[in-house]
Visitor: 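There's a structure below that I have some questions on.
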Amino acid sequence: MRERLLAAEKVKSIEWHGDRLSLLDQRKLPTEEVWHSCDSAAAVAGAIRDMVVRGAPAIGISAAYALVLAARTRMAAGGDWRQALEEDVALLAASRPTAVNLIWALKQMRERLERLKPGEDPCAALEAQAISIHESDREANLAMAQFGVDLIRRHQGNPQNLLTHCNTGALATGGFGTALGVIRAAHLDGLVERVYVDETRPWLQGSRLTAWELLGDGVPTTLNVDSAAAHLMKTRGISWVVVGADRIAANGDVANKIGTYQLAVLAMHHGVRFMVVAPSSSIDMTLESGDEIPLEERAGSELLEVNGQRFAADVEAFNPVFDVTPADLIDVIVTEKGVVERPTAAKMADLMSRKRLH
Ligand SMILES: CSC[C@H]1O[C@H](OP(=O)(O)O)[C@H](O)[C@@H]1O
């Protein structure tokens, strides 16, 4: 299957050019494909903050490349470049609070600096580390797709109707996608009747990004308003809800796009299996439960307008963009290290002790 998945890779959202980072501007998709060029850590931090690039793994990969750009600038300026680089780390870490991949990637880059050998070029070492983070995510996507397809195949007769939320595809990662990677692979294996895609207000990652990716793959796709999910589970024979994650706590609680928690409650009520797909770089074993995960709130104006076009009354708007799904509502967490059925703290600890299986 690995070769077929690699052959199916089409969309990329991140391109490293050695001296700059190009990001496919996800604010403008699907109507325009515009590449946003970044030549500094501040430019990448701004791109993450403004959601030019979004999606937990893609955010982490972008921050890793940003540190390569920052190190070159700091070293050229002379002085204590390592101390100065900490300012760039802090700027990038503060760009969005929920996706732990951002913090994880910055930590990987800093640890690489601490392992420098005498005479080793720091910038070359950092660039190799950033490329490795990117490639590892791509490989993790392929492994998760294979694990997830096996679960779908074994669950019930095929083909099946699936529902997904937000965007977890090539646009959100360094490769094939996490949850959407499983869905795309299941379609390649003939296991998918139809994919129902929540539009995912207010940023519309579903209607603008996921629908665009799935149509590009020829996957039978139906867009629905987020509030139709219960009705779909009741009337359309949905067998799985398949979603991503921005941060998974040590007990298996999952922070993901707002609306995920209610999908899990609905899935439990309707006997629909609930699958979370995320690389181990999204797992934060330092947090005991999802109660500790910082949940980003964005400007209320994102609820009141689309593309700058206001359509709502001049009302106060509450715009949390993530929520936490408790582990006891999750049937399975799929990572590149393997699968955790009915996640608990003990099972998550066992998972994180494993080497990658693929
Ligand atoms: C593969 S991680 C995708 C993850 O990120 C999304 O959030 P955002 O679009 O705000 O970056 C959403 O939570 C997805 O599940």
Side-chain angles (χ1 to χ4, degrees), residues 11 13-14 23-27 29 47-63 95-102 104-105 134 136-138 140-145 148 163-184 197-213 226 241-248 253-264 274-284 290 293-299 302-303 319-325 330 333-336:
V11 172
S13 63
I14 301 167
L23 301 170
L24 183 55
D25 191 337
Q26 299 189 36
R27 302 172 300 181
L29 289 173
I48 292 170
R49 184 191 62 243
D50 298 342
M51 295 177 70
V52 171
V53 61
R54 35 72 41 207
I59 289 171
I61 294 163
S62 300
S95 54
R96 287 189 79 190
T98 305
V100 72
N101 308 63
L102 177 57
W104 172 87
H134 193 167
S136 296
D137 185 69
R138 187 171 175 224
N141 285 194
L142 301 176
M144 292 186 288
L163 184 142
T164 193
H165 191 69
C166 199
N167 173 258
T168 56
L171 292 171
T173 65
F176 197 65
T178 57
L180 204 62
V182 168
I183 290 171
R184 295 171 68 194
V197 176
D198 282 354
E199 63 176 351
T200 316
R201 276 198 44 76
W203 219 78
L204 305 177
Q205 290 92 333
S207 52
R208 297 188 306 106
L209 308 178
T210 296
W212 182 71
E213 286 200 59
D226 301 337
V241 172
V242 187
V243 297
D246 288 76
R247 192 178 307 213
I248 301 174
D253 290 350
V254 168
N256 195 53
K257 184 53 52 197
I258 191 77
T260 304
Y261 175 27
Q262 61 201 38
L263 286 177
F274 195 83
M275 180 191 299
V276 174
V277 186
S280 56
S281 53
S282 299
I283 298 173
D284 185 349
I293 299 174
L295 299 179
E296 181 183 8
E297 287 185 29
R298 295 183 69 90
E302 291 184 354
L303 271 67
N319 186 20
V321 291
F322 295 104
D323 58 24
V324 174
T325 299
I330 297 169
I333 294 178
V334 175
T335 78
E336 78 284 5

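Reckoned from all heavy atoms, side chains included, excluding hydrogens, waters and symmetry mates. The shown structure was predicted, so the numbers you read here are calculated from the model rather than taken from an experiment. Both counts, for ligands and for their atoms, begin at 1 and track the order of listing.
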Visitor: Against heavy atoms of Gly55, which atoms of ligand 1 measure under 4.0 Å?
Guide: 3 (C), 5 (O), 11 (O)

Visitor: So which protein heavy atom does atom 4 (C) of ligand 1 come closest to, and at what separation?
Guide: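 Ranking protein heavy atoms by distance from atom 4 (C) of ligand 1, first comes Asp246 OD1, 3.4 Å.
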
Visitor: Does Thr168 have a non-hydrogen atom less than 4.0 Å from ligand 1?
Guide: yes

Visitor: Is Ser95 reaching over with its side chain to a backbone N or O of Arg49, donor-acceptor style, under 3.5 angstrom?
Guide: no

Visitor: Of Val53, Val243, Asn167, Thr200, which has the heavy atom at the shortest distance from atom 3 (C) of ligand 1?
Guide: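 Ranked by closest heavy atom to atom 3 (C) of ligand 1, first place is Asn167.
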
Visitor: Checking side chain to side chain donor-acceptor pair (under 3.5 Å) for the pair Asn167/Arg54: CA distance, chi angles, key distance, verdict?
Guide: CA-CA 9 Å; Asn167 173 258; Arg54 35 72 41 207; 2.8 Å; yes

Visitor: List ligand 1 atoms under 4.0 Å from Pro57, heavy atoms only on the residue side.
Guide: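 Answer, ordered by atom number: 1 (C), 2 (S).
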
Visitor: Any heavy atom of Phe322 closer to ligand 1 than 4.0 angstrom?
Guide: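 In this structure, Phe322 qualifies as a contact of ligand 1 - some heavy atom is under 4.0 Å.
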
Visitor: For ligand 1, which atoms sit closer than 4.0 Å to a heavy atom of Arg96?
Guide: 8 (P), 10 (O), 11 (O)

Visitor: Nearest 0.5 angstrom please: Thr200 OG1 to Lys257 NZ, how far?
Guide: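 Thr200 atom OG1 to Lys257 atom NZ measures 8.5 Å (nearest 0.5 Å).
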
Visitor: Is the shortest heavy-atom distance from the side chain of Thr178 to the side chain of Asn141 under 4.5 Å?
Guide: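 Touching, per the 4.5 Å side-chain cut-off.
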
Visitor: Which residue and atom name correspond to the protein heavy atom nearest atom 14 (C) of ligand 1, and how close is it?
Guide: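 Nearest neighbour among protein heavy atoms for atom 14 (C) of ligand 1, to 0.1 Å: Asn256 OD1, 3.5 Å.
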
Visitor: When you measure from the centre of the six-membered ring of Trp104, is the NZ or CZ of Arg247 under 6.0 Å away and within 45° of the axis?
Guide: no

Visitor: What atoms in ligand 1 come closer than 4.0 Å to a heavy atom of Met51?
Guide: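 Selected atoms, number and element: 10 (O).
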
Visitor: So, Arg201 and Glu199, do they make that salt bridge, N to O below 4.0 Å?
Guide: no

Visitor: Which atom pair, heavy atoms only, marks the closest approach of Pro97 to Pro294?
Guide: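 In terms of heavy atoms, the two residues are closest at O-CG, 3.3 Å.
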
Visitor: Quick one: does Arg184's side chain have a donor or acceptor within less than 3.5 Å of a partner on Phe176's backbone?
Guide: yes

Visitor: For ligand 1, which atoms have a heavy atom of Lys257 less than 4.0 angstrom away?
Guide: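 Contacts of ligand 1 toward Lys257, numbered from 1: 7 (O), 8 (P), 10 (O), 12 (C), 13 (O).
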
Visitor: Have a look at ligand 1 and work out which part of Gln205, if any, has a heavy atom under 4.0 Å from it: side chain, backbone, both or neither.
Guide: side chain

Visitor: Specify side chain, backbone, both or neither for Glu296, according to which of its non-hydrogen atoms lie closer than 4.0 Å to ligand 1.
Guide: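 For Glu296, no heavy atom sits under 4.0 Å from ligand 1.
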
Visitor: Answer side chain, backbone, both or neither: which part of His165 comes under 4.0 Å from ligand 1, heavy atoms only.
Guide: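 The answer is neither; His165 stays 4.0 Å or more away.
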
Visitor: So which heavy atom in the protein is nearest atom 1 (C) of ligand 1, and how far is it from that ligand atom?
Guide: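 Protein heavy atom at minimum distance: Thr178 OG1, 3.3 Å.
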
Visitor: Side-chain contact test, heavy atoms from C-beta onward, threshold under 4.5 Å: evaluate it for Leu163 versus Leu263 and give yes or no.
Guide: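 Touching, per the 4.5 Å side-chain cut-off.
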
